[in-house]
Amino acid sequence: MKKWLIALLALLSLLSLHAGGASAVDLQDGMRGPLGFEQTTQPPPLANPDNSDIKRSRNYAMQPPVIPHKIEGYQLDKNANRCMMCHARTRTQESQAPMISVTHFMDRDGNFLAEVSPRRYFCMQCHVPQAGLNPLVGNTFTDVDSMLKKTDGKQETPAARKK
């Protein structure tokens, strides 16, 4: 009975494909465009990163700061970390770069270390360079300070923000 049912379902799916039904190739991914999933898309060219060196405000508490300068060609692997040439505790006075957070010197148990913790060594896991690009998808994110702003003694509502 099970074999007969499986054969019937397979036959029906084949008939629906030939009759113009939806197939896996007909589905589209909004980010990939009209190409099928089995085809490779051509990536867009890399944009020039922002190199303004202006510190940006953060959108939420504990957000890692973004990188406000070019990092192309920086060596960042198990042998060397180019970021530490400016952001290390001992180099900030001469470089005028902000020192990495003290949290980068803590191990997973909260103990302080003399050197950067291995779990915080690869900066680009959390910190990213910026480029002036239009977003690929819409975004309605509102930072907490904007949400907490009061207008006329009342807390601002999403409807009031849209006006």
Side-chain angles (χ1 to χ4, degrees), residues 24-163:
V25 178
D26 295 333
L27 298 176
Q28 267 192 33
D29 180 358
M31 300 291 280
R32 291 176 53 87
L35 291 178
F37 289 111
E38 72 283 355
Q39 295 173 314
T40 302
T41 59
Q42 188 70 332
L46 292 175
N48 287 331
D50 179 22
N51 202 31
S52 64
D53 246 357
I54 296 173
K55 187 176 181 179
R56 296 190 174 164
S57 62
R58 301 182 199 183
N59 291 316
Y60 56 90
M62 303 304 289
Q63 174 189 353
V66 296
I67 302 170
H69 57 80
K70 291 183 180 182
I71 57 168
E72 189 175 315
Y74 276 28
Q75 184 177 358
L76 187 57
D77 56 32
K78 66 182 180 84
N79 298 320
N81 183 334
R82 171 67 174 83
C83 302
M84 292 298 110
M85 290 185 74
C86 296
H87 295 280
R89 183 177 47 84
T90 57
R91 307 296 292 274
T92 57
Q93 188 167 359
E94 62 191 70
S95 69
Q96 296 299 303
M99 184 183 88
I100 60 173
S101 169
V102 294
T103 59
H104 291 58
F105 294 93
M106 294 170 61
D107 66 10
R108 72 176 73 199
D109 299 321
N111 302 315
F112 282 94
L113 307 170
E115 295 293 325
V116 175
S117 171
R119 66 190 190 118
R120 297 290 188 105
Y121 181 79
F122 296 103
C123 307
M124 302 246 332
Q125 288 180 161
C126 301
H127 304 279
V128 294
Q130 299 296 288
L133 300 172
N134 292 327
L136 294 174
V137 294
N139 184 353
T140 59
F141 177 81
T142 305
D143 65 78
V144 70
D145 292 329
S146 297
M147 290 178 66
L148 294 176
K149 268 186 187 168
K150 298 190 184 236
T151 56
D152 299 331
K154 297 178 184 175
Q155 188 167 351
E156 190 176 18
T157 63
R161 278 195 301 274
K162 289 182 181 177
K163 292 181 182 178

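For Asn51 (side chain) and Lys70 (main-chain N/O), a donor-acceptor pair under 3.5 Å exists by modelled atom type. Within the 3.5 Å criterion, the main-chain N or O of Gln93 finds a donor-acceptor partner in the side chain of Gln96. Within the 3.5 Å criterion, the main-chain N or O of Asn111 finds no donor-acceptor partner in the side chain of Asp109.
Using a 4.5 Å cut-off on side-chain heavy atoms (C-beta onward), Ile71 and Met124 make contact. Between Arg58 and Pro65 there is a side-chain heavy-atom pair separated by less than 4.5 Å. Residues Ile100 and His127 have side chains not in contact (no heavy-atom distance under 4.5 Å, counting atoms from C-beta outward).
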Run the side-chain donor-acceptor check on residues 78-88: report pairs under 3.5 Å with partners two or more places apart or on a different chain.
| unit_1 | atom_1 | unit_2 | atom_2 | d |
| --- | --- | --- | --- | --- |
| Asn81 | OD1 | Cys83 | N | 3.0 |
| Asn81 | ND2 | Tyr121 | O | 2.7 |
| His87 | ND1 | Pro98 | O | 2.7 |

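Environment of CD in Gln75: crowded, with over 12 heavy atoms of neighbouring residues, nucleotides or ligands closer than 6.0 Å. No more than 12 heavy-atom neighbours from other residues, nucleotides or ligands sit within 6.0 angstrom of CD on Glu115. For CZ of Arg56, the number of neighbouring non-hydrogen atoms (other residues, nucleotides, ligands) closer than 6.0 Å is greater than 12.
Listed by chain and number, the residues in a side-chain hydrogen bond (donor to acceptor under 3.5 Å, both in side chains) with Asp143 are Ser146 (sequence neighbours excluded).
Nearest heavy atoms, Ala47 versus Ala131: CB-CB, 4.1 Å.
The CZ atom of Arg119 lies 9.0 Å from the CG atom of Leu113; values are rounded to the nearest 0.5 Å. With values rounded to the nearest 0.5 angstrom, Asn48 atom CG is found 9.5 Å from Leu133 atom CG. Residue Cys126 holds its SG atom at 10.5 Å from CE of Met62, rounded to the nearest 0.5 Å. Rounding to the nearest 0.5 Å gives a distance of 15.0 Å between CZ of Arg91 and CE of Met99. To the nearest 0.5 Å, the span separating CG on Asp107 from CZ on Phe112 amounts to 9.5 Å.
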